[in-house]
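As structure tokens, the structure follows; a few thoughts come after it.
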Amino acid sequence: MKRRNFIISTLGSTVVASIPFAITRLLAPEVHAGDGAYLLPPGALSDLGEFNSACIGCGLCGEVCPPKCIQFHKRDAGSAAQTPYINPEQRGCILCGKCMTVCPTKALSVTKPSEVSMGVAKIDRSACYPWTDKGVCGACVSVCPIGSKAIDYKLWKQYRPVVKEGCVGCGMCVEVCPQPSLPIGIVERSKM
């Protein structure tokens, strides 16, 4: 009898303890695609509301993505649930264009790689190895799918990467950066 009472009281206190968490989740504000470090896939409608309305959450863009960089917001994303996003800290976009060709709606439209507008890379010069004289790197320059139109070296003392106007914000530079603090990141053009 003592064991049964112990189990009942333990289960009861677990349920009571989880009630505040459940209420907090219900009252939490909606999370929207494009907030924080997340990027919309290439060729996405520039207006976030229009993108969320046009996307039907079919998942085709993620299925055809060779590097599997396209992920999908879950139910807790509110109106952005099931919409695609890219987290460049995990995997950058190689700008292959396959996601744009399979989209059944106008959420993603075919766009030339050099005309994609996902964001712009920003380098924190106080943490980047070449900029702090802690070594030569160049990983970001060598991996860029746009090439020297987007990121190149500044020849001054040693090879230091600089972002140019041709950057489309694919996030490949973020993915390959060897510095643990990630001194390179993507900023949405609307937040610049």
Side-chain angles (χ1 to χ4, degrees), residues 25 28-124 139-152 161-177 182-192:
R25 294 291 288 163
E30 288 187 5
V31 176
H32 298 283
D35 291 344
Y38 299 137
L39 307 171
L40 293 176
L45 290 169
S46 58
D47 181 80
L48 185 59
E50 289 179 18
F51 175 77
N52 288 342
S53 295
C55 179
I56 59 173
C58 65
L60 290 174
C61 55
E63 288 180 25
V64 300
C65 181
K68 300 297 181 203
C69 66
I70 297 179
Q71 301 173 38
F72 296 90
H73 288 282
K74 305 295 182 214
R75 291 185 314 209
D76 63 345
S79 62
Q82 295 306 113
T83 59
Y85 70 92
I86 295 172
N87 182 350
E89 291 182 12
Q90 294 176 354
R91 180 109 16 202
C93 174
I94 62 171
L95 301 176
C96 68
K98 291 184 179 186
C99 58
M100 297 181 269
T101 59
V102 298
C103 183
T105 68
K106 298 289 184 192
L108 301 177
S109 56
V110 177
T111 308
K112 292 179 184 176
S114 61
E115 295 174 6
V116 167
S117 183
M118 297 166 69
V120 176
K122 292 287 180 188
I123 297 173
D124 177 3
C140 55
V141 176
S142 62
V143 77
C144 181
I146 300 296
S148 62
K149 292 179 183 175
I151 191 167
D152 206 354
V162 290
V163 178
K164 295 180 159 185
E165 288 190 28
C167 178
V168 298
C170 67
M172 289 297 296
C173 53
V174 178
E175 179 187 342
V176 301
C177 183
L182 282 180
I184 191 163
I186 307 297
V187 179
E188 290 180 53
R189 290 187 189 274
S190 62
K191 294 182 179 177
M192 291 180 56

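Heavy-atom basis, side chains included; hydrogens, waters and symmetry copies ignored.
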If we only count heavy atoms from C-beta on, is the Cys144 to Cys173 side-chain gap below 4.5 Å? no
Quick check: closest heavy atoms across Phe72 and Gly59, and the distance to 0.1 Å? CZ-CA, 3.6 Å
N/O donor-acceptor pair under 3.5 Å between Glu175 side chain and Pro88 backbone: no
Do the non-hydrogen side-chain atoms of Cys167 and Ile146 ever get within less than 4.5 Å of each other? no
Please step through side-chain contact (heavy atoms from CB on, under 4.5 Å) for the pair Val162 and Ile123, ending with a clear verdict. CA-CA 7 Å; Val162 290; Ile123 297 173; 5.8 Å; no
Can you tell me how the ring of Tyr85 sits relative to the ring of His73, calling it parallel under 30°, perpendicular over 60° and tilted otherwise? tilted
Say whether, by atom type as modelled, one donor and one acceptor occur between the side chain of Thr111 and the main chain of Ser109 under 3.5 angstrom. yes
Which pair of non-hydrogen atoms, one from Ile86 and one from Cys93, has the smallest distance, and what is that distance? CD1-CB, 3.9 Å
If you measure from OG1 on Thr101 to CG on Leu108, what distance do you get to the nearest 0.5 Å? 9.5 Å
Can you tell me if NZ on Lys98 sees more than 12 non-hydrogen neighbours from other groups inside 6.0 Å? no
Of all heavy-atom pairs between Arg91 and Cys69, which one has the smallest distance, and what is that distance? CG-CB, 3.4 Å
Please report the interatomic distance SG(Cys55) to CD(Gln82), rounded to the nearest 0.5 Å. 8.5 Å
For Pro42 and Leu95, work out which heavy atoms get closest and say how close. CB-CD2, 4.3 Å
So CD of Glu89 and OH of Tyr38: to nearest 0.5 Å the spacing works out to 9.0 Å
Look up atom SG in Cys140 and atom CD1 in Ile184, then write down how far apart they are to the nearest 0.5 Å. 4.5 Å
Roughly how far, to the nearest 0.5 Å, is OG1 of Thr83 from CD of Gln71? 11.5 Å
Is a donor on one side and an acceptor on the other found under 3.5 Å between the side chain of Lys106 and the backbone of Leu45? no
Looking at every non-hydrogen atom in both residues, tell me the closest pair between Pro104 and Ile56 and how far apart they are. CG-CD1, 4.0 Å
Spacing of OG belonging to Ser53 relative to CG belonging to Asp47, to within rounding of 0.5 Å: 8.5 Å
Using the side-chain contact (heavy atoms from CB on, under 4.5 Å) rule, take Met172 and Val143 through it: C-alpha gap first, then chi angles, then the decisive distance, then the call. CA-CA 7 Å; Met172 289 297 296; Val143 77; 3.6 Å; yes
Please examine the side chains of Ser46 and Ser117, heavy atoms only from C-beta on, and report whether any two atoms are closer than 4.5 Å. no
Val64 and Val102: which non-hydrogen atoms are nearest, and at how many Å? CG2-CG2, 3.7 Å
